[in-house]
Amino acid sequence: MSALLESVLDHINYLGAMALFVIGLHTVVTHSNLIKKIMGINIMGTAVFLFFVAIGNVTDGVPPIITGEDVIYINPLPSVLILTGIVVVVSITVYSLSLVVRIYETHGTVDQKEIARLNDEEAGL
Amino acid sequence: MMMKRVLTLVLFLSLFGLLAHNVMEMPGKFTVDAPAYNDTTQHYLDNAPSETGAINVVGAILADYRAFDTLGETIVLFTSIVAVASILKVTDKKTREESHDE
Amino acid sequence: MIETLIFGAMTALTLTAFVGLYRAYKGPTTADRVVAINVVSSKVTAIIVLSAAYAAQASYVNVALVYAMIGFLSSIGVAKYVLRGHLR
Amino acid sequence: MNDIIVKTVARILIPFIQLYGIFIMLHGHVSPGGGFAGGAMIGTSFVLYTLVFGIDKSKKKFSERVSEYAESGGILLYIALGLIGIIMAGSFLTNIDAGFPKGTPGSMFSGGMIPLLMIGIGIKVASTFITLFHTLIEEEEA
Amino acid sequence: MIAQLPIVSMVMLLGMALIIPLFKRRNFSVTTSLGFVVLLAVWVLTLLVLWHVRVEGPMTYRFGNYEAFLGIELYIDLFAVLFVFFILSLIMVIYVYSTGDATEGVAEKEYGRYYILLFILLFAMLGIIYTNDLFNTYVFMEILSITTVSIISIKRKKENYTASFRYVMLNEIGSLSYLFGVALLYMVTGYTNIGLVAESIGQHWTAYPANATTAIGFMVVGVGIKSAVFPFHVWLPDAHSTAPSSSSAILSAIVVKVYILIMIKVLFRVFGLSVLDVIPVSTLLIAVAATGMIMGSMFAMAQTDIKRMLGYSSVAQVGYIVMGIGLISVLGLQAALFHVVSHALMKAALFLSVGAIIYKKKIRKVSEFNGMGFEMPVAMVVFTIAALGMIGVPMTTGFISKLNLGLAALDGGQAVLVFVLIVSGFLNALYYLPIIINAFLKDNPSQIRVMRVEKIPKTMLGPLVVLGALIVYFGLFPGVLIRVLEAVAASLL
Amino acid sequence: MFKRNKTVCDHPQLKQRSVIGRFTVVSTVLVLFSIAFVGLFIAGVHGDIGVFEWVREVAVLRAVYRFIYELRALPLLIIGLPFLGSVAMLWFGRNSCNGRDSIVIAMTSLTILLTVFTYPHALEGGFAYSIPGVFGLGLSFNVDMLGFTMLMVTSVIWFLVMVYAHEYMKKEFNCNRFFFFMGITYGAVLGTIVAGDLLTLFLFFEIMTFASYILVIHGQKEDSYHAGYSYIFMGIIGGFAILVAMLLLYFTVGDLAFDSAIAALSQHGSARYWIIGLLIFGFGIKAGMAPVHVWLPRAHPVAPTPASALLSGIMIKLGAYGILRIAVSYYFPPVGTDGGDALWLTSQTIGSAVIWIGIVTMAIGVFLALQQANIKRMLAYHSISQMGYIVMGIGVAMYLGHIGAMGYAGAIYHIINHALFKSLLFMVAGVVFYHTGESDMYKLGGLWRKLPLTATVCLIASLGIAGIPLFNGFISKTILHHGIVEAYQYGHPTFFYAELIFIVISAGTVASFIKLFYYVFLRKMPARYRRITPEYNNLDTAMAMMALIIVYIGLNPRFVLDTFIIPQFDTLAYSADFVQTYVVGLTFFTAADLWLMLGIVVFGFIIFIGGKRWHLFHLKLPYWMSVEYFVFYPMNWIIKNACRLMYGDECKYNDETITKLRLKDNKDIGFLDRFKIMATVFNTRFEKRIIRSDAFIYTVFVTGVLLMMLVMRLV
Amino acid sequence: MIDIVRDVLIGFCLISGVFFYLVGAVGLIRMPDVFCRMHATTKADTLGAGLIFVGLIIYFGFSFASLNVLVVLIFVWLTMPTAAHAVARSEYENQHLDKTEEGR
Amino acid sequence: MKQQKRAGVVTMFLALYAFWLILASRFTTAQLIAGVLVAALIVLYGFDMMFSRDEASSLTIKRMWRFVVLFLVFLREMIKANIAVAIIVMSPKMKLEPHFKRIRQPLKKALNQTLYGNAITLTPGTLTVLMDSDSLVVHGLRRPNIDAIEGGAIQQAFVNIEEDGQ
Amino acid sequence: MVWLNALIVVFLIVCAIAVERTKDLVSAVVILSAYTLMMSVLWLMLHTPDVALTEAAIGAGVTCILFLAVISRTERYE
C-alpha cells in the first residue's frame, strides 16, 4: 500500500495532468454548449502544460535564474515551451469565442444540439 | 439516456485508467537523474549567461535559443487577431445583410 | 521551524480554498460565486507570497503582485455584466 | 460601471499595472516574466479601462490605427532583428554573434537582442489583447 | 548563400502578409500582383534550393548558430524541399485563380485579410515541412490550423461558423494530443530535435515502453485528426463544403497533405523502423485507412451538395495515402507520396472547377449539373479529367497512384488491401460518373432555350487548364516523379 | 466540345432526298473497291494470281510497300489513325455531314489497308513496337496472327457498319458526337487488339469502355441512361478486376508482356488462380459471360443500330479475345513441357470451369432470347448465347492443353462468324426500324415484300447463326462441337452432358430465328406498313457485302482456317501432330455433322411450333430468378432489420426512397440504383450521427489505441 | 533573543492570519445571504492577508522583498474592497430593481 | 486647476518611480534611467486615463502625517471589528440583523470618497453598497456597526485630510 | 511539499469537475478563473515563475474577461 501511495505521490502531477486532460475531454464531448466546449479545451490545454512542466521539475530546485550559487536549477526548457503553448491556446480560445458570437447571432443559440436541430429543420428533414 | 451517460463515464474512466497506468510506468522522480535533465539542460544552465548575457535562462531560451518558436507564437497571435477581425469586424451594413441572408 | 509554519499555513490556506470552491459551485447567486472566488484569489495571493518565503525566492512575489493587481478584474467584469448585461 | 469607487481605483491602478507590465517586459532576461506576461499586463490595463470607462473612451485611447501598426510593427521588429542576424552572422535570429552587445549578465541592459525581442513581443501581445477585447465586446448597431 | 534561401523565402512570405494592411488604400490589384511577385520569387528561390539539395544532399540550417540540441534547426532534405516546391507551385495556381474569383461570398473588405491569412498559411506550411523540431512543428501546426479555419469562416455565412467551430475544436484536440506526445517524448529523451529524439528513443524506449507507445498513439491520432483520417474526418465535409472555393482547394489539396507529411515525419523520422516494427502502428493505420477508403466513398455517394461530396471523397483519398504509409515500406511510402501529389492535383482541379461553376451559375446541387458541360465546357472538362483520375482511369495520375499502391500492398503481403482499393475506386466511380454523364449528356430542362457558353475570367481559366494538363501529363509520364519520390522514400525509411 | 447544334443532315427538310445521289454512289464504289482489294489480298495469299509478284515488279508500289513494311510504328499508326480521323471529322463535321462521313469512310478503309500490310510481319510471328516511359512501365504493341485476325475482322466489319451508319444516322441527332466517339472507340478497339502487354491492353480496354458508353446512351432517354449506368459500371468493375490481376501479375512476375510470365508464374500457387480468375471475370464482363451478363441485354438494344451492331459484333468479342490472349500467353507453357506442369494443371482446372460457364451462358442467352419481343433485345440475348459458344471453345482449348487446338480454332472461327452475322442481324433490325419505326416483332409482319433485299440478307444471317450448312455458322459450330466432343473423350466424361446441352441450345437458336424471320418478314403485313417505299441506299450496300462474306465463308470454309487460324498454331504450343491431323485435316460436311444439323433444325422447328402453339414465348420468369434478387434481397433484409433494431419505431425505413426498393421489376430500378439507394439510406442514418459525435470518436479511438498498445505491450 | 521574538511574531501573524481566513471560510458557508457572506469573507480575508503579509515582511526582514510584499498588501487592500463593492452594488441594484433572479 | 493637475502628475510620477525602484530591487544607473523614462512615458501617455476631473493635491508632510493617522485609526477599527465578526461567525447561533442604511458623507474629492468607501468596506460589519457624491448605502451585519460609522473615527480622519487639502 | 502538491492537484481536479458540472456559464467562468489561480500556484510549486506569471496575466485577466464578453453577447445558461 505504501509503495503504491509513494508511487502515486511521485507521479501526482502526471496523474493530475491525465485527470484534467480526461475531464477537459469529457467536457468537450458531453456538453453541447459551445462555450463549455471551449472551456474544456482550455482545461485540456492546461493539463498538457502541467504535464510538460512536471517533466522539468526538480524537487527542491530553484527557478533557472542564474545567480552563481550552488543550487540545483530546474529544467528550463519545458517552461519555455509552455509559455509558447499558453499563448497559442489563448489565441485559439479567442478565435473560437468570436465564432461563438457569430453563431449566436445567426442561429440564436449556442447549443450544438439546438443548432443541429435548426439546421435539420432548415434542410427539411 | 441514463445508460448512455453511464457508458460515457465508463469510457472516460477507462481512458483515465489507461493513461494513469501508463503514467505510473514513467520516470517519476523529480531529480536531476530524470532522463529529460540531460546535456541540453546542463548546457543551458551552464552557458546561458555567458552565451546570451541573460541570467534568466527561460528568457534566454525563449528569445535566443528558441527564438524561432517565439516568432511562430507571435504569428499565432497575429493570425488570431486577423481571424477574429475577419469574423467580427463590423462591415458596412449592406455586405452584412447580404452575407447573413440567403 | 518557521518553514514548517509557513508550509502549514500554505496547506491550511489551500484547504480553506476548498470551502471557497464549494461556495462558488453551490452559491445560489452569481454574487456568491464571485465573492467565493475573491476569497480564493486572496488566498492564492497569500499562498504565493508564502511560497516565496518557503522557497526563498523573492521573485515569486511578483506573481502575487500580478494577482493583487488584476485579481479583481473578473469580479468587476461579472459585476458589470450582472448590472448591465454587457461589457461595453 | 459608473461607480466612483471603481472608477477611482481603476484610475489609480492602471498606471501601476502598465508600469509593471513594462517592467516585466524589460526584465525578461533577468527575472521571471517576459514579453508575453508584460504585454498581457498592459493589455489587461486597457481591458480594465474599457470595463470601467466604456469602450468609446478606450477606443479613443487606443485606436484601431494604432493597433494595426502595433501588431504589424511588433512582428516586423522581430523580423528585422532576425534579419540583422542573417546579415551579420549568417543565421536568422542570431544574438551575440550578430554584434548585439552582451552586457554584464544580470544588469538591465544585457542579453543582446533579448530585451528588444521582448519589447517586440510585448507590443504585439498588448495590442492584440486590447484589440481582441474591443472587437469582442463591440456590438454593431443593427 | 543558398543556405539562407529557405528562411529568406519564409520571411518574404511573412513580410508580404504583414505589409498587406499598408496597401489598404490602394487599388487591390496592386496587392495581388505584389503577392504574385513574392510567390514567384519564393518559387524561384525554392527551385534553387531544390537544385542545390538534389546536387549536394540535405542541408541543415541552425538558428542563431547554435548546436542542434540547443536551438531550432531546419532540415532541408529532398523530401522537404520537393514538397515545398510542389506546394508552392500548386498555391501559385490557386492564387491566380483566387484573384479572379477570390472568393464567392467573401466581402470585398475582407480581401486584404484573406490574403494575409493565405500568406501566413503558406509560411506555416513551409515552416512545418522544413523544421526539424517537434515543438516548432506544433507551433506551426497551430498557425496552420488557425489560418485554415479562418479562411473558411471568412465567408461569414451561417454554416461557415458552425463548420469552423467544429473544425477548430477538433483541431485543437488534435494539436493538444500531438503536444502531449511531444511531452512524452521529451520526458524520456530530453530533446525536441527530431534527429536527436530519434537517436535517443531508439536507445531508451525499451526502458520506458509505456512512454513510447502512448506518445506514438497520441501523436498519430493528433495528426490523424488534422489530416482527416477516417474516424476523425467529421470536421471535413462541413468545412470543405462551406468554404470559398479557393479555400476548399487549398484545404483539401494542400493543408491535409501537409499534416500527412507531418505524420510521415513523426513515424519515420522520429520513431524509426526499430520502434515501428514492435509497436503495431502498421496494423492500426491500415485498418483505419481501409475503413476510411470504403466509408468515405459510401458517404460521398449520398451527398447532394457537390462540395460536400468532394470533401467526403477527400476522406477516402486520405485513406489511400495512410494505407501507403501504414505499409511501412519504401514502396508503400513512395506510393503514398505519389498519391499525395496526385490527389493534390486532382482535388485542386475538382474544387476549382466546381468553384468556377458556382461562381458563374450559383449552383451547388449535384442534380443541377445537367447540361453543364455545354454551358461551361472548360471547367467541366477539367472536372471530368480530375474525376476520372479519382476513379483511377488510365492516363491520369490517379491510375498511377492506384497502381503503385496496389503493388505496395501486394509487396507488404496485404493482398486484401488491393480489393479494398478496387472497391473504393468503384464507389468513386459510382458518384463521380453520374455527374459527368449528366453534365455532358443530359439537358437542363429549364435552360434548354437560353443555353449558351458562359465566359469565365482568364485568371480562373488558366489555372484550370494548367491543372488538367498536369494531371494528364503526370498520368502519362510519371517516371521522373516516381524516381524522385522513390529516392525520397528510401531516404525517409 | 460537342455542341448541341444540329448539323446539316439533322434538319428534317434536308433529310429526305438531297444527299442520296452522289454520296451513295461514291460509297458504293468504295465498297466495291475494298471488296476488290480484299479479294486481291485473298488471291495473293493463296498464290493463285501473282499479286505480290506484280507488286514487287512495279517500282513505285514496291517502294511504297517497302516503306510500309519497314515502318515499325505501324501498329501505332493503325491505332492513331482513328483517333486523328475522329478529331478531323469533328472539325469537318461542323458544317457538312457528307464531309464528315467521307472522312469516316476514308479513315476506316485506310485502316483496312494498313491492317493488310501487317500480314507479312504477323506471319513471321510478331510485330513488336514499344514506347518506353509512358505510365512508368511503358507501352508495347505487337501484332501476331491472332491479333491480325482480330484486326482484319474488326476493320472490315467496322468499315461496313460505317457505310451503313452514314445512311442510318440521318434519322438521329448529335451525329457528330456519335461519329467522334465511334472513332475513339474504333481506335481503342484496335489498340486493345494490337497491345503487346497487359498494361497497354488494359489502357485501351478502358478507353473503349468509356468511349462506347457514349454510344450506348446516344438516345438520351431514361432507359438508355439506365442501360448506360449498367454498362459503364459493369465495365468499370471489369476494368478494376483486370487492374487487380495486373497488379498481382506485375508483382509476381515483374513484367506485363504477353510472353515472359510463364516461368515465374508456375512457381506461385494461389496467385496463379487469382490472376486468371480475375482476368476471366474482368474480360468476361465485357464478353457477357453468364453471371455478369446483366448489362448486355440492356445496353445493346438502346444503342443506335450501328453502335449496337458494333457492340455485339466487335466489342464483346474483345472480352473473349482478352481471355484467349491470357490463356495462350500466360497459361500456356512452351512446346515440350510435360502434362504435369503446374501451369497446365491450372489451365485445366480453370478450363473446365470456363467450359461450364460457357454452357450456362449459352443456355441462359437462348432461353431468355426466346422470350423477347423486341428484335434488338432478342439479338442481344443471342449475343450472350453465342458468346457462350466462344467461351466454351476457349474453355476447351484451356482444358485440353496440348490437344486443345480444336477448341481454339472453334473459338476464333466463331468470333469471326459471329461478328459477321450478328452485325448483319442488327443492321437488319436497324433497317426494319428505319422504315417502320417499330422494333417489336409481334407488331411487324410481311415485310419481305417491301424490303426484299433486307429479307434476303436476314435469311442468310439467320441461316448462318442457326448453323445451317453452306453458311458460316455451320462451320464454326461444327468445329466447336468437335472440340466439346474431344473434351469428354480425352477429358472428363461429364462433358458429355455439356455436349447434350450444346445441341439443345443450337436447336433453341434455330427456333428463335425461325420465330424472328416468321414474325418480321413472313406473316400478314399490318396495314400501316403498306406505304413503305423501299429505295436503294448505303444500308443495302453494307448489308449485301456482309451477306456475301457470310456466304463465301460458308461455301469456302477452309479459307478462314488456312489464312487466319492455322498460322496461329505455329507460335502456340499445341501438339503439332494433333493440329496436323485434326485441324488441318478437318473435313466439313461429313454425314454425321449434317445429320446432327438436320436433327437440330427439326428440333428447332418443333420448339418454334410448340412455343407458338402454347405461348411459351411469353413466359415471364419469376422474380426470384433474377440476379438482383439474389444480391439485394438479403441486403435489403439486413438493413431493414438493422434499422428496426437500432431505431425501433422511429425507423424511417418506409421513406419514399425506400419504397422504390420494393419495386420488383428490374427494368424500372436497376442493379446500381438499388445499391445507391441502400447507400443513401445508410448515410442518412449514420452520417449526421457520426459528425455530431466528433470528439467522442476521438475519445473512443484514443482509448482503443491505448488499450491495444497496452495489450500488445503486456502480452 | 531577537530571533526568537521574530519567530514568535511571525508565528503569531501567520497563525492568526490563517485563523482569519478560516473564519472567512466558515462565514462563507454559514452566513445566510450574499451580503452577510461578503462581510464574513472580505473582512476576514483582508485581515488575514494583512497579517500573513506582515508576518512575511518580518520574515524577509529589511529587504526589497519585504517592500514588494508591502506593495502587494497595498494593492490587495486597494482592490479587494473595490471588487467586493462592485459585486455588492451590482447585487444590490439587481435585487432592488428585480431585474433578474438567478437561482438555478 | 492646472496647477493641481501638474501636482497630480508629479505625485503620480513619483509614485510610479518609487514603484519601479521597489520592483527593480537595485539601484544601478540603468534602472534609475529606465525608471524615469518608463514612468514619464506612462504618465504622459496615460494622462487622461489617470486624471479625469480634478483632484490630486500636492503632497505635504502634514498630509502624509494625516494619512498615517488615518491608517492607524483604520487599523485599530479594523482589528476590533474583525474580532467582533469572527466571534459572530464562530458563535454557534449567529445573531444577525442584516440591513441597509443610507448615510450622508461629507467628503467631496473622488479619491477621498473612494478611500472612505473602501475603508468602510474593509471594516468588518459594514459594506459599502452604493456610493453617490453625497451619500452612501451601507450594509451592516448589526446595527451598532453602522451607527458607529457616522461621525466615527475614520470619518473624522478623512474629513481632516480633506480639509487639509483645501 | 508533495502533499501540498497533491492537495493543489486535487483542488484543480475538483475545480475542473465543477466547471463541467455547473450549468451557469458565468459561474463556470468564475470557477475557471479560480482554476487558473490555483494552477498558477501549482506552477510556483514546480518552480516555474515565468509560466506562473504568464498564466496569471493571461489566464486570470484576459481569458476570463473574454469569456465573459462572449457570454454577455450570447446566452448565459447552458
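Not measured: the values here are computed from a predicted model. A, B, ... follow the sequence lines: proteins, then strands. Residue 1 opens every chain.
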Colleague: Just give me the residue among B:V23, B:L19, B:V76 that pairs up with chain A most often, heavy atom to heavy atom, under 4.5 Å.
Modeller: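 Heavy-atom pair counts peak at B:V23.
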
Colleague: How long is the gap from CD1 on A:I66 to OH on B:Y44, to the nearest 0.5 Å?
Modeller: 13.0 Å

Colleague: Quick one: are B:V57 and A:Y73 in side-chain contact, heavy atoms under 4.5 Å?
Modeller: no

Colleague: Give me the atom names and distance for the closest heavy-atom approach of B:L88 to A:R102.
Modeller: O-NH2, 3.3 Å

Colleague: Please indicate whether B:N47 has more than 12 foreign heavy atoms, meaning atoms of other residues, nucleotides or ligands, lying under 6.0 Å from its CG.
Modeller: yes

Colleague: Give every donor-acceptor pair under 3.5 Å between a side-chain atom in residues 60-68 of chain B and any protein atom, sequence neighbours left out.
Modeller:
| residue | atom | partner | partner atom | Å |
| --- | --- | --- | --- | --- |
| B:D64 | OD1 | E:Y66 | OH | 3.4 |
| B:D64 | OD2 | D:N95 | ND2 | 3.0 |
| B:D64 | OD2 | E:Y66 | OH | 2.7 |
| B:Y65 | OH | B:E51 | OE1 | 2.6 |
| B:R66 | NE | B:D69 | OD2 | 3.1 |
| B:R66 | NH1 | E:D133 | OD2 | 3.4 |
| B:R66 | NH1 | E:T192 | OG1 | 3.1 |
| B:R66 | NH2 | B:D69 | OD2 | 3.1 |
| B:R66 | NH2 | E:D133 | OD1 | 2.7 |
| B:R66 | NH2 | E:D133 | OD2 | 3.4 |

Colleague: May I have the step-by-step check of side chain to side chain contact (heavy atoms under 4.5 Å, CB included) for A:D10 and B:M24, ending in yes or no?
Modeller: CA-CA 9 Å; A:D10 266 353; B:M24 295 294 266; over 6 Å; no

Colleague: Looking at A:S79, A:P76, A:P63, which makes the most heavy-atom pairs under 4.5 Å with chain B?
Modeller: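 Sorted descending by pairs with chain B, the first entry is A:P76.
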
Colleague: Name the region of A:L25, side chain, backbone, both or neither, that has any atom closer than 4.5 Å to a heavy atom of chain B.
Modeller: both

Colleague: For the atom pair CD1 (A:I55) and CE (B:M26), what is the distance rounded to the nearest 0.5 Å?
Modeller: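 Nearest 0.5 Å value for the CD1-CE distance: 8.5 Å.
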
Colleague: Report, by ascending residue number, the residues of residues 87-100 of chain A in heavy-atom contact with chain B at a distance under 4.5 Å; give 'none' if the set is empty.
Modeller: A:V87, A:V88, A:S91, A:V94, A:Y95, A:S98, A:L99

Colleague: Is A:L83 close to B:V58 at the side-chain level, that is, under 4.5 Å between some pair of heavy atoms?
Modeller: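 B:V58 vs A:L83: side chains touch.
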
Colleague: Quick check: closest heavy atoms across B:A36 and A:N75, and the distance to 0.1 Å?
Modeller: O-ND2, 3.2 Å

Colleague: Taking every heavy-atom pair that is under 4.5 Å apart, which of B:L77, B:T70, B:L45, B:N56 has the most such pairs with chain A?
Modeller: B:L45

Colleague: For residues B:T41 and A:L77, determine if any side-chain heavy atom of one lies less than 4.5 Å from a side-chain heavy atom of the other.
Modeller: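 Counting from C-beta outward, B:T41 and A:L77 never come under 4.5 Å.
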
Colleague: Are there residues of residues 8-18 of chain B that reach to under 4.5 Å of chain A by heavy atoms, and which ones?
Modeller: B:T8, B:L9, B:F12, B:L15, B:F16

Colleague: Is there any residue in residues 27-45 of chain A with a non-hydrogen atom under 4.5 Å from a non-hydrogen atom of chain B, and which ones are they?
Modeller: A:V29, A:T30

